[in-house]
There are 2 protein chains.
Amino acid sequence: MDETSKAIIEQLQQDGRRSYAAIGKAVGLSEAAVRQRVQKLVDSKVMQIVAVTDPLQLGFKRQALLGIKSTGDIIATADRISALPEVDYCVVVAGPSDIIAEVICANDEDLLRIITEIRSVEGVRETETFMYLSLRKQEYNWGTR
Amino acid sequence: MDETSKAIIEQLQQDGRRSYAAIGKAVGLSEAAVRQRVQKLVDSKVMQIVAVTDPLQLGFKRQALLGIKSTGDIIATADRISALPEVDYCVVVAGPSDIIAEVICANDEDLLRIITEIRSVEGVRETETFMYLSLRKQEYNWGTR
DNA sequence: AGTGAAACGACCGTAGA
DNA sequence: TCTACGGTCGTTTCACT
């Protein structure tokens, strides 16, 4: 991970489909060299190039973060929560909660159903719900500040 | 947003650099038609194709979610928090906190400095810190379940 | 790890249904 | 909004440094 690879990542954070040739010009490398580096970055999972979508525009009108307190094995509980398809994000944390999970769903009814489902997961002792009202910032281009 | 566009999105969630021709084969459309639809999806901000990186492998060893209680105008407070470069994610929520923000930084020292900085932002009344221990799930391909 | 060159495939603009 | 097609540009492979 040198400065050149960081410069390549920065280019791809702006536009994931930018051509290797164009990136090469920007960072001062041949097209083939850029391609090899990108390949390595993707293979080693430092970076992935993916489509990120806007939930609201795809008809998913409700999102929430759940703070969860667990009994017993926190990781096992977190992994059971992660297995639910409506959970798109799950992390074990140190703080007032043990686990934070994000859920995405169509409407209030679905949200309530999913929260109920999570509260019935083995190891879940208590949940707090933070319902999304307004997303103010979502950045993917930190690390190249 | 019809089923075909969803199929295209699904392809690009798997690999953001997949060729339009290959996507066309998969969804039963010509290369040009795929290209036009992708263009529209990106222009209308339904989707963006970007590099998503792994903080740990780029030397950012600490991440945390902050639950923030605000006085006065919550949106104004959230936007002041969003303006900080170490904050990569910020959302106004209904629940025990008013705002949830995610911060990414190099080490404990930086994390403490950033939390202190956020606590000094106008409108911030109280903060709770959830320090990341283990990320268990991070999906970008919901919406095509 | 990097370059350069030639063959191949992808992408883009335009025309037409 | 789609397909078809031709010109241009990007990507791939390979030999070489």
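Numbers restart at 1 for each chain; the letters A, B, ... are given by sequence-line order, proteins then strands. Fair warning: this is a prediction, and the values are worked out from it, not measured in the lab. FYI, side chains are in, hydrogens and waters are out, and symmetry mates aren't considered; it's all heavy atoms of this structure.
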- [ ] Summarise protein proximity over nucleotides 1-17 of chain D in one line of letters, 5' to 3': B for base, S for sugar-phosphate only, - for none, counting protein heavy atoms closer than 4.0 Å.
- [x] SBBB-----SSBB----

Task: B/R37 and B/S5 side chains, donor-acceptor separation under 3.5 Å - done: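 Side chains of B/S5 and B/R37: pair found under 3.5 Å.
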
TODO: Give a yes-or-no answer on whether the side chains of B/Y132 and B/E102 include a donor-acceptor pair shorter than 3.5 Å.
DONE: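 Yes, a side-chain donor-acceptor pair sits under 3.5 Å.
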
TODO: Would you check if A/K61 and A/N107 make a side-chain contact, meaning some heavy-atom pair closer than 4.5 Å?
DONE: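 No, too far: nothing below the 4.5 Å cut-off.
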
TODO: State, to 0.1 Å, how close B/I81 and B/C90 come at their nearest heavy-atom pair, and which atoms those are.
DONE: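 Shortest heavy-atom contact: CG2-SG, 4.3 Å.
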
- [ ] Scan B/I115, B/L111, B/I118, B/I114 and name whichever one has a side chain to side chain contact (heavy atoms under 4.5 Å, CB included) with B/E86.
- [x]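 Of all the options given, the one that passes is B/I114.
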
